[in-house]
Protein chains: 2
Amino acid sequence: MYIFGVLNGNMISNTCKYGIRAILYIAVNSDGEKKIGIKKISEDLNLPGPFLGKIMQTLAKNKILNSVKGPHGGFSLAKAPEKISLYDIVKIIDGDDVFHECLIGVKICENNPEYTNLCPFMEKSHKVREMLEKTFKEQTIGEFAKGINSLDEFLQI
Amino acid sequence: MYIFGVLNGNMISNTCKYGIRAILYIAVNSDGEKKIGIKKISEDLNLPGPFLGKIMQTLAKNKILNSVKGPHGGFSLAKAPEKISLYDIVKIIDGDDVFHECLIGVKICENNPEYTNLCPFMEKSHKVREMLEKTFKEQTIGEFAKGINSLDEFLQI
DNA sequence: AGAAAAAAAGAGTTTTAACTCCAAATAATT
DNA sequence: AATTATTTGGAGTTAAAACTCTTTTTTTCT
């Protein structure tokens, strides 16, 4: 769907999508204590293992995950799943530009936290985008996990 | 704002942003008949000329622009600016996945035009995303152009 | 007809996101 | 203490988006 190449809907990077899916997997499959390893997660979710490893590292550094090395090691959630929002993960991995940046990239919209003097489209769209941001902030991993019925639902397109 | 590299808000590709800005530039600076060349547009908007050329080609192929070769040639809008929406341009250049694709990339949400059996987050977010799509559809180039006060407002971040 | 000015087309290069590989560190088990 | 299973860290490679360069085609003007 991209004139000069591939590109699919790119609102959230693959890196970030993988991170979210992995965290959901842990929330569903661990009681909060049990550690789950990258090998198992990447096999079950069909994600590139070594790459997922990097993502998990950054989530661990950012206090979303706990990690333990060695036999029986792996990752577990560092907080209650109800305390982790999708926004938290997006913020860490992609940043929050996607919710704030001018959609057509014009100068006057930037560095404008008060939303004054916006381009005409930013004027019309910034409220919808704030709603989108709110949707990410209100969606917790805990609630999401409850709504998942089967492993199949995690799988990549 | 990206863990492993750069990445800014990537909802709309740069290619598409350049296309939108160039069309706006034409809408503001041409009466509808006058042709404007890539050289002038790219210099004034501070965009890479040859790359913008490619983008203009695809917009011309898709009946958004008229192009005329040779001296006094250049590009003009192929329709009334009120008949061109931002959505039209996004659809041509990036595709519309950005409005429909599952935000965390899970399988069950795909090929689901009726929006049945969605993942819990898609369930909660698809209405906001439809609003976003509507915002793009309702924003015409004509109306946008009226709201622009100076060339400066076009310029890239 | 010839020259000049523009877009079109094709084949590149560069940069960045996505992904891999390997060695080192750490922790548990025997 | 040695072995094994795991994460961590660093340095790569690959693929796709972004961008460039050069040649060809078309049109206008003299």
Side-chain angles (χ1 to χ4, degrees), chain A residues 1-19 21-22 26 34-43 45-62 65-76 78 93-95 97-98 105 156, chain B residues 1-19 21-22 26 34-43 45-62 65-76 78 93-95 97-98 105 156:
Chain A
M1 279 295 201
Y2 184 63
I3 284 188
F4 308 133
V6 177
L7 191 77
N8 27 14
N10 226 22
M11 193 141 117
I12 305 298
S13 72
N14 280 350
T15 309
C16 189
K17 288 176 181 174
Y18 296 171
R21 300 219 289 272
I26 295 172
K34 200 178 108 189
K35 310 286 178 190
I36 308 183
I38 285 170
K39 191 148 176 287
K40 175 137 182 62
I41 300 173
S42 62
E43 280 171 8
L45 298 187
N46 205 20
L47 298 177
F51 187 48
L52 182 61
K54 300 292 184 192
I55 300 168
M56 302 298 264
Q57 276 180 38
T58 60
L59 290 170
K61 275 180 200 142
N62 284 277
L65 296 175
N66 285 131
S67 74
V68 177
K69 292 178 179 179
H72 304 289
F75 295 89
S76 61
I93 298 180
D94 283 351
D97 278 356
V98 69
Q156 201 172 357
Chain B
M1 278 296 199
Y2 184 62
I3 285 189
F4 307 133
V6 177
L7 191 80
N8 26 15
N10 226 20
M11 192 142 120
I12 305 298
S13 72
N14 279 351
T15 308
C16 189
K17 287 176 181 173
Y18 295 171
R21 300 220 289 272
I26 295 172
K34 201 177 109 190
K35 309 287 177 190
I36 308 182
I38 284 171
K39 190 147 175 287
K40 175 141 183 59
I41 300 173
S42 64
E43 280 172 8
L45 298 188
N46 205 20
L47 297 177
F51 187 50
L52 182 61
K54 301 291 185 193
I55 300 168
M56 301 300 263
Q57 275 178 42
T58 61
L59 290 170
K61 276 179 199 141
N62 283 277
L65 295 175
N66 285 131
S67 74
V68 176
K69 292 179 178 180
H72 304 290
F75 295 88
S76 61
I93 297 180
D94 284 351
D97 277 356
V98 70
Q156 201 172 358

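All values below come from the heavy atoms of this structure, side chains included, with hydrogens, waters and symmetry mates left out. A note on names: the letters A, B, ... follow the listed sequences, proteins ahead of strands, and every chain is numbered from 1. Just so it is clear, the structure is predicted and the values come from calculations on it, not from any experiment.
Between A/T15 and C/dA18 there is a side-chain polar atom (N or O) within less than 4.0 angstrom of OP1 or OP2. Put simply, A/S67 has a side-chain N or O that comes within less than 4.0 Å of OP1 or OP2 on D/dT8.
Atoms CG (A/L47) and C1' (C/dT20) sit 15 Å apart, rounded to a whole Å. Taking atom CG of A/N46 as the reference point, atom P of C/dC19 lies 11 Å away to the nearest angstrom. Between the P atom of D/dA5 and the CD atom of A/E43 lies a distance of 14 Å, rounded to the nearest Å. At whole-Å resolution of the value, CD1 in A/I93 and P in C/dC19 are 13 Å apart. Atoms CD1 (B/I55) and P (D/dA17) sit 13 Å apart, rounded to a whole Å. Atom pair B/I38:CD1 and C/dA9:P shows a separation of 12 Å (rounding to whole Å applied). The NZ-P distance, from A/K40 to D/dT7, rounds to 13 Å in whole Å. A/F51 has its CZ atom 15 Å from the P atom of D/dA15, to the nearest Å.
Residues meeting the side chain to side chain contact (heavy atoms under 4.5 Å, CB included) test with B/K35, sequence neighbours left out: B/N66, B/V68, B/S76. For A/K34, the side chain to side chain contact (heavy atoms under 4.5 Å, CB included) criterion is met by A/S30, A/D31, A/I36, not counting sequence neighbours. Residues meeting the salt bridge (Lys or Arg N to Asp or Glu O under 4.0 Å) test with B/K69, sequence neighbours left out: none. With sequence neighbours excluded, no residue forms a salt bridge (Lys or Arg N to Asp or Glu O under 4.0 Å) with A/K61. For A/S42, there are no side chain to side chain donor-acceptor pair (under 3.5 Å) partners two or more places apart in sequence or in a different chain.
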Listed pairs, N/O of protein and of nucleotides 9-13 of chain D, under 3.5 Å:
from: D/dG9; atom 1: N7; to: A/K54; atom 2: NZ; distance (Å): 3.2
from: D/dG10; atom 1: N7; to: A/K54; atom 2: NZ; distance (Å): 3.0
from: D/dG10; atom 1: O6; to: A/K54; atom 2: NZ; distance (Å): 2.8

Problem set entry | Protein proximity profile, nucleotides 22-30 of chain D - base contact B, sugar-phosphate-only contact S, no contact -, cut-off 4.0 Å on heavy atoms | ---BBBBS-
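For B/Y18, the listed nucleotide lying nearest its side chain is D/dC19; candidates were C/dA18, D/dC19, C/dA7.
Here the shortest heavy-atom pairing between B/S13 and B/I93 reads OG-CG2, 4.4 Å. Closest approach of A/I55 to A/G19, counting heavy atoms only: CG2-CA, 3.8 Å. In terms of heavy atoms, B/M11 sits closest to B/V98 at O-CG2, 3.5 Å.
Note that CD1 of B/I26 and CZ of B/R21 are 14.0 Å apart. Values are rounded to the nearest 0.5 Å. A distance of 10.5 Å separates CD in A/Q57 from CG in A/L52, rounded to the nearest 0.5 Å. Atom CD1 of B/I41 and atom CZ of B/F75 lie 7.0 Å apart (nearest 0.5 Å).
In this structure, B/D94 contributes its side chain and B/I12 its backbone to no donor-acceptor pair below 3.5 Å.
Overall, the helix from C/dA1-D/dT30 to C/dT30-D/dA1 carries an axis bend of 0° between its ends, with five pairs at each end and the value rounded to 10°.
Residue whose closest nucleotide on DNA chain C sits further toward the 5' end, between A/G49 and B/K39: B/K39.
Residue A/G74 is in sugar-phosphate contact alone, with no base atom involved, counting any heavy-atom pair closer than 4.0 Å across all strands shown.
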